[in-house]
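See below for the structure under consideration.
In what follows, chains carry the letters A, B, and so on, assigned in the order in which the sequence lines appear, proteins first and then strands, with residues in each chain numbered from 1. The model shown is predicted, which means the values in this text are computed figures rather than measured ones.
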Protein chains: 2
Amino acid sequence: MGTTQLDTVQEPKYWHLKTVLSDALDSEFAVGEILPNERDLAARFGVARATLRQALEQLELEGRLQRRRGVGTTVAPPRMGVPVADRSGHSWPGAPGDAWQPVDAVAVDGGAVPAAVAEALGTGAGDSLHVVRRTRVDHGQPVAAELLYVPAGSVPGLVADATIGPVARARAVLHELQRLALDGEERAVELGSARAEDAKQLDRLPGAPVLVVTTRYVTGGRTTAVAVSTYRADTCRLTFGDHDTLDVLPG
Amino acid sequence: MGTTQLDTVQEPKYWHLKTVLSDALDSEFAVGEILPNERDLAARFGVARATLRQALEQLELEGRLQRRRGVGTTVAPPRMGVPVADRSGHSWPGAPGDAWQPVDAVAVDGGAVPAAVAEALGTGAGDSLHVVRRTRVDHGQPVAAELLYVPAGSVPGLVADATIGPVARARAVLHELQRLALDGEERAVELGSARAEDAKQLDRLPGAPVLVVTTRYVTGGRTTAVAVSTYRADTCRLTFGDHDTLDVLPG
DNA sequence: CAGTGGTCTAGACCACTGC
DNA sequence: CAGTGGTCTAGACCACTGG
């Protein structure tokens with residue numbers, strides 16, 4: 001008869017391991033509980049530590065685990081729903097009630113902004129822009145960092161007061177935006193990896209997966225401002241709409 | 001004087017490598033061009049292959065590279081903008097002009113659907129649901145796979161004809177949906193990893209990063225259907241709004 | 001068939017956390 | 001300080017693609 005085994009598919013070890021661990025998380029561990037360390041887990045499953053880590057990486061990507069250097073691996077709570085836009089969705093950043101906190105603002109030259117932002121705004125080298133940094137904290141932990149690009153021409157009423165602090169400057173730019181009409185917002189979501197600067201704000205390591213939301217604010221057919229917001233992909237579920245009730249992940 | 005070097009941060013090798021490669025991609029390679037193989041690249045940069053691969057993984061995650069087993073690593077084109085919802089956004093799946101192709105449909109028991117879907121729909125074991133599989137192809141390549149869950153109670157007019165084929169059954173379910181009123185849609189976007197089944201449809205390996213879009217279709221305050229769509233995270237930029245012009249990634 | 005990327009190993013050292 | 005996860009190495013073998 002020869003070999004009766006049907007090894008047709010040849011599942012990778014780390015993939016099978018991930019499944020086993022995932023089931024174990026569901027049945028044998030509580031949220032926040034700390035797992036055995038990687039060396040012990042690898043030994044227990046009879047695999048190399050690198051293979052075990054490949055499985056853990058997957059589970060962390062799916063938001064099931066949280067790993068912290070020097071501490072350990074813990075079971076993550078379900079992802080939090082983070083409202084990005086409600087259907088009405090017509091309000092400037094900094095409008096009353098938005099979830100963001102201004103950090104600071106600096107004036108930069110048009111040549112120093114990402115190419116795609118410059119293209120959207122129609123700016124180039126020689127133009128002056130305000131860059132407002134903002135941060136977002138939900139349920140007590142930082143979930144997103146943002147860079148808001150506002151061409152100086154979009155906020156002509158802004159007084160150039162060099163004596164005020166960086167936070168006040170950020171507030172001033174946001175305040176000026178509210179005076180403008182807003183015809184609409186246009187968003188795009190894509191996967192990215194955290195830059196060193198963002199990573200620090202988000203309390204993650206550089207390169208951590210993030211959801212990058214790019215928002216174009218449109219007035220009279222022209223783009224008045226562009227926001228690039230990076231959300232922690234491991235802990236956030238971005239919601240579009242009014243409600244906030246639905247968590248699904250079939251992986 | 002001792003050590004004058006300011007190694008304050010200690011950048012990981014793979015991170016630095018990623019930066020170098022990213023710059024090289026911008027300046028020295030054209031879209032579609034094939035890179036040297038991993039062993040050569042690793043040798044050229046004086047690192048182990050595993051380290052080189054860690055850098056390549058990052059770049060693939062950011063949509064800069066495309067790797068295919070047995071073929072090689074190529075420079076990826078910019079991510080394509082994939083419209084997920086326009087602002088009007090009030091139409092059932094299967095409405096004329098939508099980008100999806102029905103694959104098949106099966107009837108399942110309420111106990112066999114993901115817990116989160118069951119919760120949203122208010123179904124449980126014993127209830128009957130239609131599950132419609134759909135696929136989405138943009139610019140000539142598959143970008144997304146979808147499972148659409150429709151409680152049998154939502155489409156009472158559906159004739160139970162066992163003689164028709166699976167594709168026709170999918171079309172029939174979609175056709176019945178159009179007869180219902182639709183008050184609104186509610187979406188959530190999160191990061192996931194491709195299940196084996198999805199991976200095959202998307203022409204990727206299992207575990208590949210995907211953007212999971214969960215859509216609740218609401219009629220009269222009740223959820224009439226739930227769609228779980230998984231988009232290739234490496235090649236797609238999900239757009240919300242009417243236009244489709246803006247690509248940004250600051251990583 | 002040769003060449004590619006994908007998986008896996010066993011071991012080492014480093015950076016960070018908390019006691 | 002001991003213990004954790006993060007990085008890195010050198011090598012092996014496998015699965016897949018294309019000529």
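Atom CG of Leu41(B) is separated from atom C1' of dG5(C) by 12 Å (rounded to the nearest Å). Rounded to an integer number of Å, the gap from Arg39(A) CZ to dT4(D) P is 8 Å. Taking atom CZ on Arg49(B) and atom P on dC14(D), their separation rounds to 14 Å, with Å as the unit. Leu59(A) has its CG atom 16 Å from the C1' atom of dG5(D), to the nearest Å. Here the C1' atom of nucleotide dC8(C) and the CD atom of Gln54(B) are 16 Å apart, to the nearest Å. One atom, CG of Leu65(A), and another, C1' of dT4(D), lie 15 Å apart when rounded to the nearest Å. A straight line from CZ of Arg67(B) to C1' of dG3(C) spans 16 Å, rounded to a whole angstrom. Rounded to an integer number of Å, the gap from CG of Leu52(A) to P of dT9(C) is 10 Å.
Within 6.0 Å of the CZ atom in Arg49(B), the count of heavy atoms belonging to other residues, nucleotides or ligands exceeds 12. Summarising the local packing, CG of Asp203(B) is surrounded by 12 or fewer heavy atoms from other residues, nucleotides or ligands at distances under 6.0 Å.
Side-chain nitrogen and oxygen atoms of Asn37(B) include none within less than 4.0 Å of the OP1 or OP2 phosphate oxygen of dG3(C). Between Thr73(B) and dG5(C) there is a side-chain polar atom (N or O) within less than 4.0 angstrom of OP1 or OP2. Proximity of Tyr14(B) to the phosphate of dC8(D): no side-chain N or O atom is located under 4.0 Å from OP1 or OP2. In terms of phosphate contacts, Lys13(A) brings no side-chain nitrogen or oxygen within less than 4.0 Å of OP1 or OP2 of dG6(C).
Within 4.0 Å of Leu205(B), counting heavy atoms only, lie sugar-phosphate atoms of the nucleic acid but no base atom.
Considering all non-hydrogen atoms of both residues, Val131(A) and Val108(A) come closest at CG2-CG2, 3.5 Å. In plain terms, the two heavy atoms of Leu191(B) and Arg79(A) that are nearest each other are O-NH1, 2.9 Å. Asp138(B) and Ala99(B) make their closest contact through OD1-CB, 4.4 Å (heavy atoms, listed as atom of the first residue, atom of the second, distance). Nearest heavy atom pair, residue Ala225(A) against residue Val150(A), reads CB-CG2, 4.2 Å. Closest non-hydrogen pair, Arg169(A) versus Ala105(A), comes out as NE-O, 3.5 Å.
Taking every side-chain heavy atom of Thr51(A) into account, dT9(C) is the closest of dC8(D), dG5(C), dT9(C).
The aromatic rings of Trp100(A) and Tyr231(A) sit perpendicular, their planes meeting at an angle over 60°, well past the 30° parallel limit.
Side chain of Arg232(A) to backbone of Leu202(A): a donor-acceptor contact under 3.5 angstrom is found.
The residues Arg136(B) and Glu146(B) are annotated as not salt-bridged, no charged nitrogen and carboxylate oxygen being separated by less than 4.0 angstrom.
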Is there any protein nitrogen or oxygen under 3.5 Å from a nitrogen or oxygen in nucleotides 17-19 of chain D, and what are the pairs?
none

Query - Watson-Crick or G-U pairs under 3.5 Å in DNA chain D, rendered as dot-bracket with [ ] for crossing pairs and | for another strand - result: ||||||||||||||||||.
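Nearest-nucleotide positions on DNA chain C place Arg53(B) closer to the 5' end than the other of Arg53(B) and Ala50(A).
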